[in-house]
Amino acid sequence: MRGMHDLLPGPIARWQHFESTARAVLGCYGFEEIRTPLLERTELFVRSIGGATDIVEKEMYSFPDRDGDSLTLRPEQTASCVRAGIENGFIHLGVHRLWYMGPMFRHERPQKGRFRQFHQLGGEIFGPPGPEADAEIILVTARLWRRLGLDGLRLELNSLGTPDSRRAYRSRLAEYLLDRRADLDEDSRRRAETNPLRVLDSKNPDLQGVIEAAPKLLDALDPESRDHFDTLRAMLEEAGVPSTVNPRLVRGLDYYTKTVFEWTTDRLGAQNAVCGGGRYDGLVEEIGGAPTPGVGFSAGIERLVALLAESGAGAEPAPPAAWVAAVGPAAARVAPAVAEELRDAGMSAVLDAGEGGFRAKLRRANRSGAGFAVIVGDTEAAAGEVSIKPLRADRPQRTVPRAALKDTLAAWLPPGGPQER
RNA sequence: GUGGGCGUAGCUCAGUCGGUAGAGCACCGGAUUGUGGCUCCGGAGGUCGCGGGUUCAAUCCCCGUCGCUCACCCCA
């Protein structure tokens, strides 16, 4: 399937590293995990993301189910979190910080860093209206990058104001743009009417003059939003997280109010945003809950893992401590039990299940990266013994009674680790 | 949704001015009847993405299609 990929055993090591790091970091900020269905009613996304956005207009996987309801594979998960919070009442029960991780679906043309099924890590804070929550959302992501060892990420901030001031600005901007219709390209002419804020984000060099001279969103902010924004910037500065203000940052989802932000990199080509988010004070009410402010982030896992791969961080899967190679009918009968004894003792062991003689089995043992080969031939089996051959160290092979296997191996293994390298 | 590049062995890629294919790595076996890594020898593995067209003959040329890739667009 186009834009959908298998995640194979080798590369998955970096994903697991990312996932465990994310769990740990989110946990230490008091976030709790939530898992929601991959499918929601289409209406949920139309109401939350906005009918005039690209996501809703042309990117959703929507289809009628057997009852005739229109369902959609989630293109993002904030709306699902809000819906779940309303339906289960926990937004009012003191659970205010949620995180999620999982697949999202958007029918876009695939390219570097952009897929039709992709994965996001996200966090949401419901309830607090002040900039402290915005700061927590941004600080938790900043710490995650630090913990992952990612550098070179830039934080861009903007404020869209309250719905009222945003609406007022929006019509002023539309007016300005329509006055200059002749200077706009086709896309921008259409957006000037449907979603004028998006015009500010255009990369078309011919439009930069018009955009420069356009009324500034930040100049149009209401005093409350202005104060919220300034306080947030001061908090981030005090916490040692540098940011730059990008007045053109508008984001593609309609539910944002006041703060919006993006973490970007210059190492991933055209798809340079690795994380984005913002405040959405009207969303809970829009979806049918009691008016409740909220703020959140979502991060693209494929893109972050690509950055991890570039910096060469954490990759190798751990090889087993021992490889159990048995040759001959009597040996084959006891080999599974020998492997189980090692696992009982807390050591990892792989029982060779392949064809061939000693030669083939030892070759597989070596290739597996195992520290030791535990060899059982019919001679050993008859005597109730096993042979232990170190594969990574220059030590002689030893033959010991089966009962002494795990102690001999444990004595050879380094005290700290599960196996020798 | 628009445009460019690319699909040949498990992987990375050659190649055929149209006569049905090759290397390196990996894999399997042997040299070493019960012992890996190094070396040497041998072997296996391909509907040349798929479908159609032109041709005596297509992996090669043409059309379509699917997939990958990069950019636009958009975003994570």
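Naming convention: chains lettered A, B, ... in sequence-line order (proteins, then strands); numbering from 1 in each chain.
Listed pair R114(A) / rU69(B) fails the phosphate criterion, with no side-chain N or O lying under 4.0 Å from OP1 or OP2. A close approach under 4.0 Å does occur between a side-chain nitrogen or oxygen of R367(A) and OP1 or OP2 of rC28(B). One finds no side-chain N or O of R109(A) lying less than 4.0 angstrom from the OP1 or OP2 phosphate oxygen of rC70(B). For the OP1/OP2 pair of rG37(B) and a distance below 4.0 Å, the side-chain nitrogens and oxygens of R392(A) include no atom meeting the criterion.
Residue contacts for M104(A): at a heavy-atom cut-off of 4.0 Å it reaches no nucleic acid atom on any strand shown. Here I301(A) lies out of heavy-atom contact (under 4.0 Å) with every strand. Contacts of E262(A) with the nucleic acid, taken as non-hydrogen atoms under 4.0 Å apart, are absent. Residue G354(A) is out of contact with every strand shown, counting any heavy-atom pair closer than 4.0 Å. Base engagement by K389(A) is indicated by at least one non-hydrogen atom pair under 4.0 Å involving a base atom. The residue R359(A) sits close to a base: some heavy atom pair falls under 4.0 Å. Using a 4.0 Å heavy-atom cutoff across all strands shown, E380(A) reaches at least one base atom of the nucleic acid. Using a 4.0 Å heavy-atom distance criterion, A373(A) is classed as making no nucleic acid contact.
Here the straight-line distance linking atom CG of L221(A) with atom CG of D219(A) works out to 8.0 Å at 0.5 Å rounding.
Separating the CE atom of M60(A) from the P atom of rG1(B) is a distance of 16 Å, rounded to the nearest angstrom.
Across the C1' atoms, rC11(B) and rA26(B) are found 7 Å apart, a figure rounded to whole Å. For the C1' atoms, the distance linking rC28(B) with rG45(B) amounts to 10 Å, nearest Å. Between the C1' atoms of rG10(B) and rA44(B), the separation comes to 13 Å (whole Å).
Near RNA chain B, meaning a heavy atom under 4.0 Å away, the residues from residues 264-277 of chain A are G269(A), A270(A), Q271(A), N272(A), A273(A), V274(A), C275(A), G276(A).
Ion pairing between R343(A) and E340(A) holds under the 4.0 Å rule for side-chain N and carboxylate O. In summary, K112(A) and E302(A) do not engage in a salt bridge, as defined by a charged side-chain N under 4.0 Å from a carboxylate O.
The side chain of R363(A) has rC28(B) as its nearest neighbour among rC70(B), rC28(B), rC68(B). For Q111(A), whose side chain is taken as the heavy atoms from C-beta onward, the closest listed nucleotide among rA76(B), rC72(B), rG67(B) is rC72(B).
Taking 3.5 Å as the limit, the base of rC27(B) and the side chain of R364(A) contain no donor-acceptor pair of atoms between them. Judged by distance alone, with hydrogens and angles left aside, N366(A) brings a side-chain donor or acceptor within reach of the base of rG36(B), the pair sitting under 3.5 Å.
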Identify every side-chain donor-acceptor pair in residues 39-46 of chain A under 3.5 Å, counting partners at least two apart or on other chains, and give the distances.
| residue | atom | partner | partner atom | Å |
| --- | --- | --- | --- | --- |
| E40(A) | OE1 | R83(A) | NH1 | 3.0 |
| E40(A) | OE2 | S80(A) | OG | 3.0 |
| E40(A) | OE2 | R83(A) | NH1 | 2.4 |
| T42(A) | OG1 | S70(A) | O | 3.1 |
| T42(A) | OG1 | S70(A) | OG | 2.7 |
| T42(A) | OG1 | L71(A) | N | 3.4 |
| T42(A) | OG1 | L71(A) | O | 3.3 |
| T42(A) | OG1 | T72(A) | OG1 | 2.6 |

List the atom pairs, donor and acceptor, that lie under 3.5 Å between side-chain atoms in residues 398-406 of chain A and the rest of the protein, sequence neighbours left out.
| residue | atom | partner | partner atom | Å |
| --- | --- | --- | --- | --- |
| T399(A) | OG1 | S387(A) | OG | 2.9 |
| R402(A) | NE | E341(A) | OE2 | 3.2 |
| R402(A) | NH2 | E341(A) | OE2 | 2.8 |

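Within a 6.0 Å radius of CD in E57(A), more than 12 heavy atoms belonging to other residues, nucleotides or ligands are found.
Not counting sequence neighbours, the partners of V350(A) by the side-chain contact (heavy atoms from CB on, under 4.5 Å) test are P320(A), W323(A). Residues satisfying the ring pair (Phe, Tyr, Trp, His ring centres under 6.0 Å) test with F105(A), not counting sequence neighbours, are none.
For the 3.5 Å distance criterion, the side chains of E124(A) and T78(A) qualify, holding a donor opposite an acceptor.
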Subject >> Dot-bracket encoding of pairs in RNA chain B, which uses [ ] for pseudoknotted crossings and | for another strand, Watson-Crick or G-U under 3.5 angstrom >> reply: (((((((..((((.....[..)))).(((((.......))))).....(((((..]....))))))))))))....
**OP:** Carefully, step by step, assess Y100(A) and T36(A) under the rule side-chain contact (heavy atoms from CB on, under 4.5 Å).
**Re:** CA-CA 9 Å; Y100(A) 60 83; T36(A) 65; over 6 Å; no
